[in-house]
Amino acid sequence: MVSFACSDLTTGAHYCWKMSAMSSTTSSCSTQGLQIYQDVKDYYGKHLKSSEDLQTNACVTPAKTLPKYIRDALGEVHEDISSRYYGCGLTVPECLENCRILDLGSGSGRDCYMLSKLVGQKGHVTGIDMTDEQVEVSRKYIDFHMQKFGYQQPNVDFVQGYIEDLNAANLKDNSYDLIISNCVINLSPDKRKVLNEAYRVLKDGGEMYFSDMYANQVISEEMKQNKVLWGEGMSGALWWEDLFSIGKEIGFTAPRLVTASYITVNNKELEDAIGNYKFVSATFRLFKLPQGTVKEKCLAIYKGGITGCETELNFDVNFTFKEGTVTEIDEELSAILKKSRFADAFLFQPLESKSILNGCQPKKKEIIRDPFQFAEQTKSLKTPSATSCCESKGCC
């Protein structure tokens, strides 16, 4: 599921220059920031010849067979689009039918076309990318895919823009049910602004479902000067606890961890530069709840039927819902399920019904929030057959 995406790095300098021209975002791009993006551009444009040249295993995760409905949708994407896909892995949540989706850093549009198939004719997908050439390529095949999917009207569009300033790309308030992103936020000089913009364009009950790279402590200024570590994504990684504090300040629910795995370095010089830092690649889901939402514990019963999760829904590392089974859930998860696109997939009962429904008091459940804790717990489950997401063209 989680892996490193490198689709938009080679235009970093242009990105920072363009952002500095916008009066509302000049703080995001200092001279140092411009140099960082130029270094990233040089790293990916001149130093790297293929993914094998990367100095970390950020692009390597345990491969898991993609659900058939996703494989089928990917199989219908035009070969020219797929051949220009430079990301690693997929970020595909559940319950997508009829959703309006925004893809941050959409590249050539491969995932957008796959999602446009999954949301159906009544749904819509918007891809935003800072690279003119990528946007041009993605737009070229709109008619091809709409005809292939049998849609009367296009349900996908692509805009050129920057993830810190969605307003400049004319993305309106309360417009999307879901935002996805695959490891591009760690390259942003202003992550708070990215999340704030995401919150703005999400509808009430909407979700931001994204993978990214995280550190076990705040990145030092000295480490931020390392050009290779910027290219590898590590120098721009958030301390994972900052995600929680920034998200709370903006108004999101507490991040819910979906998966996490350790990132290791394959170069002695970089190992020395990193020192005691540790990194994980992790997927979180954040929700925007309506103002004044009442939060209270309750019992939830999954009715089943969500595509690809007909009998079991793995919502996060803490909660897996089996069809017809009663599950006690915390206050915030209760509010999330009731106010989001998942509402119709569940029945809810007051907590007092517990003795009638399952006849016993469940043990208190430990809620895992720390991606490093989860990565440590699952490290022993890694198998030698783990393959590269770059090679397998997607993990889920």
Next item on the list: Go through the side-chain N and O atoms of Glu376 and Tyr262 and say whether any donor and acceptor fall under 3.5 Å apart.
Entry: yes

Checklist line | Minimum heavy-atom distance between Ile329 and Leu333, given as atom pair plus value | finding: CG2-CD2, 3.8 Å

Notebook entry, point to check: Under 3.5 Å, is there a donor-acceptor pair between the side chain of Lys295 and the main chain of Glu332?
Noted result: no

Checklist line | Geometric cation-pi criterion Arg139 and Phe158, 6.0 Å radius, 45° cone | finding: no

Check: Is the closest side-chain donor-acceptor distance between Glu312 and Thr320 under 3.5 Å?
Finding: no

Next item on the list: Report yes if the side chains of Glu136 and Gln160 come closer than 4.5 Å at any heavy-atom pair, otherwise no.
Entry: no

Check: Does the cation-pi check pass for Lys338 over Phe348, that is, NZ or CZ under 6.0 Å from the six-membered ring centre and within 45° of its axis?
Finding: yes

Check: Hey, what do you get for CG (Asp177) to CG (Leu202), rounding to the nearest 0.5 Å?
Finding: 8.5 Å

Next item on the list: Would you check if there is a donor-acceptor pair between the side chains of Glu328 and Gln349 at a distance under 3.5 Å?
Entry: no

Check: Which heavy atom of Ala73 sits nearest a heavy atom of Leu118, and at what distance?
Finding: CB-CD2, 4.0 Å

Next item on the list: Establish, from distance only, whether the side-chain atoms of Asp129 and Thr131 form a donor-acceptor pair under 3.5 Å.
Entry: yes

Margin query: Please determine whether residues Val326 and Phe321 belong to a single hydrophobic cluster, defined as Ile, Leu, Val, Met, Phe, Trp and Tyr linked transitively by side-chain heavy-atom distances below 4.5 Å.
Written below: no

Next item on the list: Answer with yes or no whether the side chains of Tyr176 and Thr126 bring together a donor and an acceptor at under 3.5 Å.
Entry: yes

Check: Does the side chain of Asn174 pick up a donor-acceptor pair with the side chain of Lys288 at under 3.5 Å?
Finding: yes

Notebook entry, point to check: If you group Ile, Leu, Val, Met, Phe, Trp and Tyr by side-chain heavy-atom gaps below 4.5 Å, do Met114 and Ile142 land in one group?
Noted result: yes

Next item on the list: Indicate, with yes or no, if the rings of Phe372 and Phe279 have centres closer together than 6.0 Å.
Entry: no

Notebook entry, point to check: If only atom types and distance count, is the side chain of Ser281 paired as donor or acceptor with the main-chain N or O of Met213 below 3.5 Å?
Noted result: no

Margin query: Can you confirm if the NZ or CZ of Arg369 lies within 45° of the ring axis of Phe374 and under 6.0 Å from the centre of its six-membered ring?
Written below: no

Notebook entry, point to check: Is there a chain of hydrophobic side chains (I, L, V, M, F, W, Y, each step under 4.5 Å between heavy atoms) that links Leu313 to Leu299?
Noted result: no

Notebook entry, point to check: Taking the side chain as C-beta and beyond, is there a heavy-atom pair between Phe315 and Tyr302 under 4.5 Å?
Noted result: no

Note to self: To check you understand the geometry: which heavy-atom pair defines the closest contact between Arg285 and Arg341, and what is its length?
What the structure shows: NH2-NH2, 3.8 Å

Item checked: Flag for Asp80-Tyr141: side-chain donor and acceptor within less than 3.5 Å -> yes

Item checked: Main-chain N/O of Asn155 paired with His124 side-chain donor or acceptor, under 3.5 Å -> yes

